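So the structure is just underneath, and the comments pick up after that.
As the structure is a computational prediction, the values presented were derived from the model and not from experiment. So that the names make sense, note that chain A is the first sequence line, chain B the second, and so on, each numbered from 1.
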Amino acid sequence: MNAFYLPQASTQAHAEDRIFLTLLILSGVVLLLVLALVIGFSIRYRAGSKARRGPLPAWISHEVEIGWTVATFFLFLFLFWWTISAQLRLQIPPANAFEIHVVAKQWMWKVQQPSGVREINTLHAPAGIPVKLVMTSQDVIHSFAVPAFRLKQDVLPGRYTEMTFQATQPGTYQLFCDQYCGLDHSAMIGKVVILSAADYAHWIAAQPEGDSLAAQGEAIFVSSGCGGCHGQGAAVHAPPLEGLYGSDVPLAGGGFVHADEGFLRDAILQPRKNVPAGYEPVMPSFQGVLSEDQLVPLIAYIKSLKAKP
Amino acid sequence: MRDIETPQAAPQTPEPAKPSYLADGHTVASWIFTTDHKRIAILYALSITVFFFIGGAAATLIRIQLFTPHNTFLTAGQYNRLFTLHGVVMVWFFLVPSIPTTLGNFLLPLMIGAKDVALPKINLLSWWLYLGGAALTIVCLVCGGVDTGWTFYTPYSTLYSNSCVLAAAAGVFVVGFSSILTGVNFIATTHMLRAPGMTWFRLPLFVWAIYATSIVMVLATPVLAMSLLLVMVERVFSIPVFDPRFGGDPLLFQHLFWFYSHPAVYIMVLPAMGVISEVIASEARRRVFGYQAMVYAMVSIAIIGFMVWGHHMFVSGQSPFASVVFSFLSFIVAVPSAIKVFNWTATLYRGQIRFAAPMLYALGFLGLFTVGGLTGLFLAVVPIDVAVHDTYFIVAHFHYIMVGGTVSAFFAGLHYWWPKITGRLYSEWWAKFAAISMFLGFNFTFFPQFILGYLGMPRRYHQYPDQFQIWNVLSSSGAVVLAVAYLLPLAYLTWSLFAGRRANANPWDATGLEWTTASPPPRANFETRPRVTSAPYDYHDPDVGPTQPNQPPRQTQAAE
Amino acid sequence: MSQSAQLLHEPWPDRPRETEGYVFAMWIFLATEVLFFGALMAFYTVNRWAHPAAVTQAAAHTDFWFGTINTAILLTSSLTIATADRALEHGLPRLARLALWLTLAFGLGFLVTKGFEYRKDLEDHLWPSAAFALHGAGARPFWGFYWIATAVHAVHVTIGLGLIGRLIILSQRRMLRPRQASMTVTTLYWHFVDVVWVVLYALLYLVGRP
Amino acid sequence: MTRRELKSVVLVPLATWACLCLALAATAAYAFIPDAPIKPIAALAIAAFKVILIAAFFMRLDRASALIRLTAAVGFLWLSFLFIFAFADYTMRAVRG
Ligand code: HEA
Ligand code: HEA
Ligand code: CUA
Ligand SMILES: [Cu+2]
């Protein structure tokens, strides 16, 4: 970290810097052109100078006007097309990204690795593969920002947002909260530690032995009494959760909804929102009962339940 | 007030020496209850000056705090309150009203040949509402201030902030209605009170600018009012509106807020564009290049400006597809701005350019607005915005346009019409000196912030990692120059009021109806109703061009 | 104030032009109001879009009869004020005054009915705070909308009543002239208040009926 | 009262009011038909119809100048911007790239 240079540590950073540089050169040229004309005219046509000031034929002003309007328009059209196609390429989430969960609260970042390791204000991640952060906030809006990756994503309460990056170089990078979130907004900073795949495996192994995220979730599943309805042989007619994640769930009101994390979250906190076809809406809401920290492993657990053959 | 007004004889007998509007009553009541658009302009000018310096004082404290990385000059709480105060005051109590309510109020009726605005009493009411909003803001300050940022994002503003959100939001709500009424008034004035012969395409560009601005004010501000009302209700009555725990959506607030606040940036820049067109034409002694294109550009900015607000929400969790649409429209809305920059430049071509103080401010505008606008284009590009959103890059972008652009233009206009408003001439040397120091001080302050932003320094940080210090030191030092430069006009303009030379009716040899009446104008603006017979900016025979320096304008647009 | 002084200081060349100007200004202001209420309705729409079932259920708790009666009252008050405006225009000031009084009465009737409805809502615990009677995401925002929208509307009704009261006073003093701007402007405003209610009626009272 | 006055002062407003009341009855009745199709659309369409009646005959848009009509339309046009672009977000949020 120094005052003149920001490392390019992700594939996105390379793409973004290319665009930035191109725009910088282009607008530099435009700016110089405008300044050159303004200064040039100012000198040449200063009051009383000898320069010729003949009439301007009407067609000149007309053609010129249309000319630069059309030119600017098409230039902008091209710029838009070029930058947005780069963006659309970047934003397609890779199918099997490595998933890490982030819960933000005033004023800290809580990280839950898939292995169950928890971190605060630090995020370890492997280099070279796509990593998907699934993030939510316990209170206000925060923003997970890593300048070296040229990436950021707001983290909202009541909802999951995602950010996918692929780090290119191992190293330690600054993590900022970029969305104003109250008193200690400027202290909500941390670091992202990128390790090579092997080092990452080492690092995980070196952490104190603990349950994986899904295993922690199973415990919460049991202690919250979910099994009483969703378990084998329960008295209540509740949908089985095996193989639910990633499937398309038919709804009581007609239509389907794709069962992603947001769906699972809503199913637990706002069960009336999407009632699956064929079931009575009797599931209680766990809003206020389960914290964001507990939801993360719980959802990880439900995701891990594979369909029974 | 009415009874103090000079009981003149019937207007048919023109008297050469009508008292100026300044001499028309000297009591306090004759000012604060006046319905004279010119006096109301002065009232506004004084009020916004006060708020400019309140906002400037907050900026000063911010820059002192940021001088070193771990400064404890201010606590985090104080710092958060200061940048919020700075943003709220500068936007709603200074920049939004700045040009429209001062120069606009003063000049709109003069430029179209009217006696006053369409609804003089409503005009006065606008100012009183402004005062009401200002009073609430002061109440908020006294109660400890507000710490949400000028954007009032939920759920922080509704559920978490321990500060005086209510008074601040109410203040902005009230001042919003002041701006709506001003807009209504100006639109009605432009439509209804143009002098005979003043067709739409004979209107000076400043009038067009004010007209376009008024449309934006009228159609955008109510949405801000409602979004703040919802914030207040949620905060006071705990009625969930944006609260995600009960199914609300915090992003809805952002949609509503930016539906206003993006158009609001055009409220802030369109009047500036109007001023610049007047000043450049007059100082270059040339017809404005592409008058009609300038008009269409302003109107299309006013309209398309309503469809781009989502570019403030690229990383907010809005749908990426919506971001595509908003990015596209942000490029489109930049086209008319580009046209304007090119037209101003082309107006200089083959002119007889003078460099009086207003022109220096105007040239400053041209450069700084272009830099600000071009960086706006960077931000309209999604991958770049993802990188620099909520960093100092944004702060630099908008200060370049709002301070470098609009405030410079405000000063350009203030100097240009100062003789008309006050009947006095200021010291040209000091004015030029201030213009140049403002330009230099400005770049010194805000250019480093582009670099800071690119390196990733987040905005609204009261302490920051060490590596950013050098740029912050530069920026803070520049702010000293800037502060001095802003204090200069206060001094020499005040001085001119008492000791300045008297100005004649048309010290710049400019076209436009406002220059055909006395400086300062009489209460009823014109001795006789003007009649307009030709296009604006008739500085030279279009078939010849301005051949001599200081050639007086052709007297075709004048009183009958 | 002498006639000539007025000619000197008022911006308008003549009366008809002045009325035209005031009416135009009122229409501009109404455009503002459309966006003011429109933003509120955006909130409604987003909530209903996100939680269709919950909103339908929550809306079933609004009181259909209060709402419908109030709609009828307000529509009728629009009739009376329209009559007042047109009567004045045709030089029938007494009819105009009568119609204004009726409008005032209907407007007050609307507010009183609304007051009774509010009392019932409160008794039913439909104020979306801790003791709120309904469950499910979306129900509270719906009722939040109900309270905010009807309250903001009631404020508009009250302002309208003030304007109408002013007209009545003017007419008692025989100061209402045909084609007077303040009459037409007040009429426009009052009709707009009615327009808002007509939309609110559809959003609040017609949803969730069996 | 002359015929013209009668028509303008009494008949037109009264006829408008009668239509409004009919519309009110219709929309209320429709809301109570169990399982009627497109209920929300019907309610809003009738509301729009009422609004048009009020605007045209009570607010006199029927004989207003083009400028006034334009002003009346502009508010709604701008409101449509708010809805269109806000829902460009809401409707696409669930869609994955
Ligand atoms: C007067 C105020 C003003 C003006 C006029 C503008 C004008 C523009 N703004 Fe700016 N903006 C703000 C004030 C303003 N802005 C503020 C206050 C914020 C931050 C709010 C906050 O978060 O607190 C902001 C933030 C902001 C963002 C969000 C950044 C973020 O938070 O992540 C974006 C993104 O697109 C943006 C874009 C633009 C664009 C495209 C224009 C365009 O209109 C600019 C058009 C002008 C030009 C383009 C220059 C002239 C053109 C040429 C010389 C042509 C030649 C050019 C080429 C051929 C390339 N602005
Ligand atoms: C019209 C708008 C306007 C204007 C004119 C300015 C003017 C200035 N602004 Fe402002 N600024 C905003 C609008 C504006 N700003 C907005 C909207 C924000 C965002 C707020 C938010 O995030 O919510 C912002 C934020 C902002 C920040 C970022 C804060 C942060 O994110 O942490 C900074 C930091 O440098 C800054 C600096 C300045 C400076 C140095 C000036 C200078 O140009 C000011 C120069 C003027 C003076 C200096 C006045 C002279 C007076 C004196 C010298 C008297 C001094 C008296 C005492 C000290 C007692 N501004
Ligand atoms: Cu968290 Cu800022
Ligand atoms: Cu914007």
**Q.** By side chain to side chain donor-acceptor pair (under 3.5 Å) - contacts of A/Tyr160 (at least two apart)
**A.** none
Q: Mind checking the CG-CG spacing from B/Asp147 to A/Leu183? Nearest 0.5 Å is all I need.
A: 8.0 Å
Q | Heavy-atom side-chain contact between B/Val381 and A/Phe20 under 4.5 Å | A | no
(Q) Counting only non-hydrogen atoms closer than 4.5 Å, does A/Arg44 touch chain B with its backbone (N, CA, C, O), its side chain (CB onward), both, or neither? (A) neither
Q. To the nearest 0.5 Å, how far apart are CG in A/Leu35 and OG1 in B/Thr370?
A. 7.0 Å
Q) At a heavy-atom separation under 4.5 Å, does B/Thr148 approach chain A through its side chain, its backbone, both, or neither? A) backbone
**Q.** Note, A/Ile141 side chain near B/Gln254 side chain (heavy atom, < 4.5 Å)
**A.** yes
Q: Select one option (side chain, backbone, both, neither) describing which atoms of A/Ile66 are under 4.5 Å from chain B's heavy atoms.
A: neither
Q.
What part of B/Leu455 gets within 4.5 angstrom of chain A, counting heavy atoms only: side chain, backbone, both, or neither?
A. both
Q.
Against A/His185, only a single residue in B/Tyr79, B/Tyr160, B/Tyr464, B/Tyr461 fulfils ring pair (Phe, Tyr, Trp, His ring centres under 6.0 Å); can you say which?
A. B/Tyr461
Q | Any B/Ile339 side-chain heavy atom under 4.5 Å of A/Thr72 side chain | A | no
Q. Between A/Leu77 and chain B, which part of the residue has a heavy atom less than 4.5 Å away: side chain, backbone, both or neither?
A. side chain
**Q.** B/Val324 vs A/Phe80, side chain to side chain contact (heavy atoms under 4.5 Å, CB included): CA-CA, chis, key distance, verdict
**A.** CA-CA 9 Å; B/Val324 173; A/Phe80 166 74; 3.9 Å; yes
Q | Gap separating the NE2 atom of B/His70 from the OG atom of A/Ser186, nearest 0.5 angstrom | A | 10.5 Å
Q: Evaluate the side-chain proximity of A/Tyr45 to B/Leu348: yes if any heavy-atom separation is below 4.5 Å, no if none is.
A: no
Q. Given a strict heavy-atom distance threshold of 4.5 Å, which part of A/Phe4 is in contact with chain B: side chain, backbone, both, or neither?
A. both
Q.
Looking only at heavy atoms and a cut-off of under 4.5 Å, which of B/Ser323, B/Ser330, B/Pro336, B/Ser316 has the most pairs with chain A?
A. B/Ser316
Q. Tell me, side chain or backbone of A/Gln12 under 4.5 Å from chain B's heavy atoms, or both, or neither?
A. neither
Q: Check each atom of B/Gln78 against the heavy atoms of chain A and say whether the ones under 4.5 Å are side chain, backbone, both or neither.
A: neither
Q) Taking all atoms of both residues into account, what is the closest heavy-atom pair of B/Arg460 and A/Gln179, and its distance? A) NH1-OE1, 4.4 Å
Q) Which heavy-atom pair separates A/Gly48 from B/Gln352 by the least distance, and what is that distance? A) N-OE1, 2.8 Å
Q. What's the verdict on side chain to side chain contact (heavy atoms under 4.5 Å, CB included) for B/Arg354 and A/Arg46, showing C-alpha distance, side-chain angles and the deciding distance?
A. CA-CA 6 Å; B/Arg354 302 181 304 209; A/Arg46 67 190 182 279; over 6 Å; no
Q: Examine whether an atom of B/Phe450 lies under 4.5 Å from a heavy atom of chain A, and if so say whether it belongs to the side chain, the backbone or both; otherwise answer neither.
A: neither
Q: Go through the atoms of B/Ala334 and report whether side chain, backbone, both or neither lie under 4.5 Å from a heavy atom of chain A.
A: both
(Q) Is there a side-chain contact between B/Val335 and A/Phe76 in this structure, where contact means two heavy atoms from C-beta onward sitting under 4.5 Å apart? (A) yes
Q) So do the side chains of A/Val34 and B/Phe342 get within less than 4.5 Å of each other, counting heavy atoms only? A) yes
Q) Just checking, is any N or O donor in the side chain of A/Glu65 or B/Gln292 under 3.5 Å from an acceptor N or O on the other one? A) no
(Q) Using a 6.0 Å cut-off, check whether atom CZ of A/Phe74 has over 12 heavy atoms from anything other than its own residue. (A) no
Q: Heavy-atom distances under 4.5 Å only: say whether B/Thr345 touches chain A with side chain, backbone, both or neither.
A: both
(Q) Closer than 3.5 angstrom, by distance alone: can the side chain of A/Gln153 be matched with the main-chain N or O of B/Val315 as a donor-acceptor pair? (A) yes
Q. Which bit of A/Leu75 is near chain B, if near means a heavy-atom gap under 4.5 Å: side chain, backbone, both or neither?
A. neither
Q. Where does the angle between the aromatic ring planes of B/Phe289 and A/Trp68 fall among parallel (under 30°), tilted (30 to 60°) and perpendicular (over 60°)?
A. tilted
Q: For atom NE2 of A/His14, decide whether the heavy atoms of other residues, nucleotides or ligands shown that lie under 6.0 angstrom number more than 12.
A: yes
Q. What are the two closest heavy atoms between A/Ser27 and B/Phe378, and how far apart are they?
A. OG-CE1, 3.2 Å
**Q.** Smallest separation among heavy atoms of B/Ala387 and A/Glu16, with atom names
**A.** CB-OE2, 3.5 Å
Q: Sort B/Leu374 into side chain, backbone, both or neither according to what part of it lies under 4.5 angstrom from a heavy atom of chain A.
A: side chain
Q: Check each atom of A/Asp184 against the heavy atoms of chain B and say whether the ones under 4.5 Å are side chain, backbone, both or neither.
A: side chain
(Q) Can you classify the ring geometry of A/Phe41 versus B/Tyr349 as parallel (below 30°), tilted (30 to 60°) or perpendicular (above 60°)? (A) tilted
Q) Are any of the side-chain heavy atoms of B/Arg459 and A/Asp178 separated by less than 4.5 Å? A) no
Q) Which region of B/Leu363, side chain (C-beta onward) or backbone (N, CA, C, O), has a non-hydrogen atom less than 4.5 Å from a non-hydrogen atom of chain A, or is it both or neither? A) side chain
Q | Heavy-atom closest contact (B/Leu251 atom, A/Arg159 atom, distance) | A | CD1-NH1, 3.6 Å
**Q.** Proximal component of B/Ile332, with respect to chain A [non-hydrogen, under 4.5 Å]
**A.** side chain
Q: Starting at CD of A/Gln87, measure out to OG of B/Ser327 and round the result to the nearest 0.5 Å.
A: 9.0 Å
**Q.** Among B/Arg286, B/Gln469, B/His462, residue most engaged with chain A (heavy-atom pairs, under 4.5 Å)
**A.** B/His462
Q. Can you say whether B/Asn343 sits under 4.5 Å from chain A via the side chain, the backbone, both, or neither, judging by heavy atoms?
A. both
**Q.** Side chain, backbone, both or neither of B/Thr154 within contact of chain A (heavy atoms, under 4.5 Å)
**A.** backbone
**Q.** side chain to side chain contact (heavy atoms under 4.5 Å, CB included) assessment of B/Ile384 paired with A/Arg150
**A.** CA-CA 8 Å; B/Ile384 296 183; A/Arg150 313 289 190 276; over 6 Å; no
Q: Applying side chain to side chain contact (heavy atoms under 4.5 Å, CB included), run through A/Ser143 and B/Asp390 and close with a yes or a no.
A: CA-CA 9 Å; A/Ser143 188; B/Asp390 269 342; 5.5 Å; no
Q: Let me know if B/Tyr454 has heavy atoms under 4.5 Å from chain A in its side chain, its backbone, both or neither.
A: both
Q) Does any heavy atom of chain B fall under 4.5 Å from the side chain of A/Leu151, the backbone, both, or neither of them? A) both
Q. Has the side chain of A/Arg53 got a donor or acceptor atom that lies under 3.5 Å from a matching backbone atom of B/Gly351?
A. yes
Q) Looking only at heavy atoms, what is the nearest atom pair of B/Pro458 and A/Cys177, with distance? A) CB-O, 4.4 Å
Q. Which of the residues B/Pro465, B/Ala338, B/Gly367 is involved in the greatest number of heavy-atom pairs with chain A at under 4.5 angstrom?
A. B/Pro465
Q: Check whether A/Leu156 gets within reach of chain B through its side chain, its backbone, both or neither, counting any heavy atom under 4.5 Å.
A: side chain
(Q) Check for me whether the distance between the ring centres of B/Tyr156 and A/Tyr180 falls short of 6.0 Å. (A) yes
(Q) Using side-chain heavy atoms (C-beta onward) and a distance below 4.5 Å, is B/Phe246 in contact with A/Gln270? (A) no
